[in-house]
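Since the structure comes first, as structure tokens, the remarks are kept for the end.
Bear in mind that the values here come from a model prediction, so they are computed numbers and not experimental data.
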Amino acid sequence: MTNSETKNFSQNVSSSYHLEDRGKNVPKLRFKGYNDELITVKLNKLFSKIKEKNSNGNITNVICNSAKLGLIPQREYFDKDIANIDNTLGYYVIKNNDFVYNPRKSKDAPYGPIGIYEYSEIGIVSPLYLVFRKTMDIDTNFFKYYFLSNAWHRYVYLEGDSGARHDRVSIKDNVFFDMPVKIPSLQEQEKIASFLTLIDKKIEKQKELVELLKKYKRGLFSAIFSQKLKFKDDNGNDYPAWEEKRLGDICKIVGGGTPDTNNVKYWGDDINWFTPTEIIKKYADSSNRKISRLGLLKSSAKILPIGTVLLTTRATLGEMSILSIEATTNQGFQSLIPVKDEVSSEFIYYCQPIIKHFCYKYANGSTFLEISKQTLAKLKLMIPNKDEQNKISDFLSKFDNKIQQEECILSNLKTYKKGLLQQMFI
């Protein structure tokens, strides 16, 4: 599209879409060669509400609107059909490139997700959703990304009904469609959509790589601990046979405790105090909360040495981290202090799949699952000698580092995309 065509487009949009304003409508980030201000139009000039319902019950393809996954068939989301013909007669019918607004709030979508339906098969969605279809010559993929941005959040925040449920946005349909949106020319819409689609494809490939590496690691673990994959010593000889040992014989198992939370003297000092929600990486080096020496004395919490393997055993089961500092934990742990002559911290850490499976198999409790120190101590593990333990740990550690590197690339790509969405849409 030439500059004159772009100008004509803007003029046509202005006359047919009822231009709202001509302020400085320019995004922070833009492709070279596009300098015109964006056109502000109301959503009802671009889309219309879908009112067609599944009145005869012929359509059974129920679609869910997930903040993380977008619009996907219910059978894929739940691995089965939940709705039946009797309760889908009032569902709205949607087609490829239609949009669906789910007003339920979540961490990933604080004002509810708006997703685009990208399947060819006709679907149906809950009448709790607001569904709409384009009526003008616009790029639907551009609006796919527009609604992934936060450009429309302020309007919903200001125009939504007060006194709404805390978990759901309350906004009348006519008010929603009265939303002003700022759009560039069709050519620029297509360029933006194509660019962001390429970013999405890169993210998807990176996700696949990370999942492939994790799957390969699970295969390696299975081969190593079934001893189908064997290591040799430095002279090329086989290591001695592995020996079966109880966890209680190769590790000292230590519980945790919580000082009185109402006593300020017990908190805010320099002793690290971990909770199960903080066990998310291999090494634990700093806790969110700290306790005082007095808090330590007045509770069942215990100082654990560097190299202790923190093991969650209440509610959250089987998550593990290795302490790189001295620390304490709450009572949601049975931490493992390896007997140095028997086993290394790293090797115990890499036994996690076996330990986690045992925890879930033998845990009990009505309010939440928990496994006791006594039960945990009975877990039997096959243990190689220390030299082979170290080789196994080094091998798996290098593989973990590779996974971490690829996860970091994935995280950076997601952050990059988030930044683009903030800067390309207004």
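Considering Phe177, Tyr92, Phe132 as possible partners of Phe99, the one that fulfils the ring pair (Phe, Tyr, Trp, His ring centres under 6.0 Å) test is Phe132. Among Tyr111, Phe147, Tyr146, the single residue meeting the ring pair (Phe, Tyr, Trp, His ring centres under 6.0 Å) criterion with His153 is Tyr111.
The aromatic ring centroids of Phe358 and Tyr362 lie less than 6.0 Å from each other.
Here the closest non-hydrogen pair linking Gly90 and Pro127 is O-CB, 3.7 Å. Closest non-hydrogen pair, Ser335 versus Leu304, comes out as OG-CD1, 3.6 Å. In terms of heavy atoms, Ile59 sits closest to Ile124 at O-CD1, 3.2 Å. In this structure, Ala67 and Pro113 approach most closely via the heavy-atom pair CA-CB, 3.9 Å. Pairing each heavy atom of Pro338 with each of Gly307, the nearest pair is CD-O, 3.9 Å. Minimum heavy-atom separation, Asn61 to Ile122: ND2-O, 3.3 Å.
A donor-acceptor pair under 3.5 Å is absent between the side-chain atoms of Asp108 and the main chain of Lys68, judged by distance alone. Put simply, the side chain of Asn65 gets close to the backbone of Val100: a donor and an acceptor are under 3.5 Å apart. No donor-acceptor pair under 3.5 Å is formed between the side chain of Asn102 and the backbone N or O of Tyr129. With hydrogens and angles disregarded, no donor-acceptor distance shorter than 3.5 Å links the side chain of Thr308 to the backbone of Leu310. Proximity of a side-chain donor or acceptor of Glu243 to a complementary backbone N or O of Ile383 within less than 3.5 Å is not detected. In this structure, the side chain of Ser226 engages the main chain of Ser222 through a donor-acceptor pair within 3.5 Å. For Asn141 (side chain) and Ala193 (main-chain N/O), no donor-acceptor pair under 3.5 Å exists by modelled atom type.
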Item to check | From CA spacing to verdict: side chain to side chain contact (heavy atoms under 4.5 Å, CB included), Leu311, Phe333 | outcome: CA-CA 5 Å; Leu311 171 65; Phe333 294 81; 5.7 Å; no
Item to check | Worked check of salt bridge (charged side-chain N to carboxylate O under 4.0 Å, His left out) between Glu346 and Lys282 | outcome: CA-CA 9 Å; Glu346 292 269 336; Lys282 183 175 180 180; 2.9 Å; yes
Next on the checklist: Please determine whether side chain to side chain contact (heavy atoms under 4.5 Å, CB included) holds for the pair Ile192 and Phe195, giving the CA-CA distance in whole Å, both sets of side-chain angles, and the decisive distance to 0.1 Å.
Outcome noted: CA-CA 5 Å; Ile192 290 170; Phe195 175 68; 5.9 Å; no
Next on the checklist: Pair Phe425, Phe142 - check ring pair (Phe, Tyr, Trp, His ring centres under 6.0 Å), show working.
Outcome noted: CA-CA 10 Å; Phe425 301 94; Phe142 170 84; 5.2 Å; yes
Checklist entry - Taking it one step at a time, do Phe347 and Tyr349 satisfy ring pair (Phe, Tyr, Trp, His ring centres under 6.0 Å)? => result CA-CA 5 Å; Phe347 186 79; Tyr349 174 81; over 10 Å; no
Checklist entry - Run the side chain to side chain donor-acceptor pair (under 3.5 Å) check on Thr275 and Asn288 step by step: do they pass? => result CA-CA 9 Å; Thr275 63; Asn288 293 331; 5.6 Å; no
Next on the checklist: Apply side chain to side chain donor-acceptor pair (under 3.5 Å) to residues Asn97 and Tyr117 and explain how you reach the verdict.
Outcome noted: CA-CA 5 Å; Asn97 284 334; Tyr117 186 57; over 6 Å; no
Checklist entry - Are Asp234 and Lys391 close enough, and set up right, to give a salt bridge (charged side-chain N to carboxylate O under 4.0 Å, His left out), and what steps lead you there? => result CA-CA 10 Å; Asp234 293 340; Lys391 285 202 170 181; 3.1 Å; yes
Item to check | Steps toward salt bridge (charged side-chain N to carboxylate O under 4.0 Å, His left out) verdict (Glu211, Lys215) | outcome: CA-CA 6 Å; Glu211 289 306 311; Lys215 181 179 179 180; over 6 Å; no
Item to check | Check against salt bridge (charged side-chain N to carboxylate O under 4.0 Å, His left out), Lys134 and Asp98 | outcome: CA-CA 7 Å; Lys134 77 170 184 173; Asp98 287 343; over 6 Å; no
Next on the checklist: Run the side chain to side chain donor-acceptor pair (under 3.5 Å) test on Gln187 and Tyr34 for me, step by step, so that the C-alpha distance in whole Å, both residues' side-chain angles and the decisive distance to 0.1 Å come before the verdict.
Outcome noted: CA-CA 10 Å; Gln187 184 187 43; Tyr34 296 95; 3.3 Å; yes
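Between Asp269 and Lys290, none of the side-chain N atoms (NZ, or NE/NH1/NH2) sits under 4.0 Å from a carboxylate O, so this pair counts as no salt bridge. Remark: Lys214 engages Glu407 in a salt bridge, criterion side-chain N to carboxylate O under 4.0 Å. Salt-bridge annotation for Asp173 and Lys49: present, with a side-chain N of the basic residue lying under 4.0 Å from a carboxylate O of the acidic one. Using a 4.0 Å cut-off between charged side-chain N and carboxylate O, Arg30 and Glu188 make a salt bridge. Salt-bridge formation is detected for the pair Lys232/Asp238: a Lys NZ or Arg NE/NH1/NH2 atom is positioned less than 4.0 Å from an Asp or Glu carboxylate oxygen.
The shortest distance between side-chain heavy atoms of Trp267 and Pro259 falls below 4.5 Å. In this structure the side chain of Glu342 never reaches within 4.5 angstrom of the side chain of Lys386, judged on heavy atoms. The closest side-chain heavy-atom distance from Lys361 to Leu317 is not below 4.5 Å. Annotation: side chain of Thr329 is not in contact with side chain of Lys302 (no heavy-atom distance under 4.5 Å). Contact of the Ile354 side chain with the Phe221 side chain is registered, since non-hydrogen atoms from C-beta on lie closer than 4.5 Å. Using a 4.5 Å heavy-atom cutoff, the side chains of Thr277 and Thr316 are not in contact. Considering only heavy atoms from C-beta on, Val175 comes within 4.5 Å of Tyr155 through its side chain. In this structure, Phe225 and Cys351 have side chains that are in contact, with non-hydrogen atoms separated by less than 4.5 Å.
A donor-acceptor pair shorter than 3.5 Å can be found between the side chains of Thr258 and Gln331. Side-chain atoms of Thr328 and Asn272 form no donor-acceptor pair, as typed in the model, at a separation below 3.5 Å. Side chain to side chain, Ser194 and Thr197 fail the donor-acceptor criterion of an N or O pair below 3.5 Å.
More than 12 heavy atoms of other residues, nucleotides or ligands lie within 6.0 Å of CZ in Phe31, so this atom counts as buried by the packing criterion. More than 12 heavy atoms of other residues, nucleotides or ligands lie within 6.0 Å of CD in Glu159, so this atom counts as buried by the packing criterion. Applying the 6.0 Å contact sphere to NZ of Lys298 captures no more than 12 heavy atoms from other residues, nucleotides or ligands. Heavy-atom contacts from other residues, nucleotides or ligands closer than 6.0 Å to CZ of Phe231 number more than 12. Counting heavy-atom neighbours within 6.0 Å of Tyr216 OH, excluding the residue itself, gives a total of 12 or less.
The aromatic rings of Tyr101 and Trp152 sit perpendicular to each other, their planes meeting at more than 60°, with 30° as the lower class boundary.
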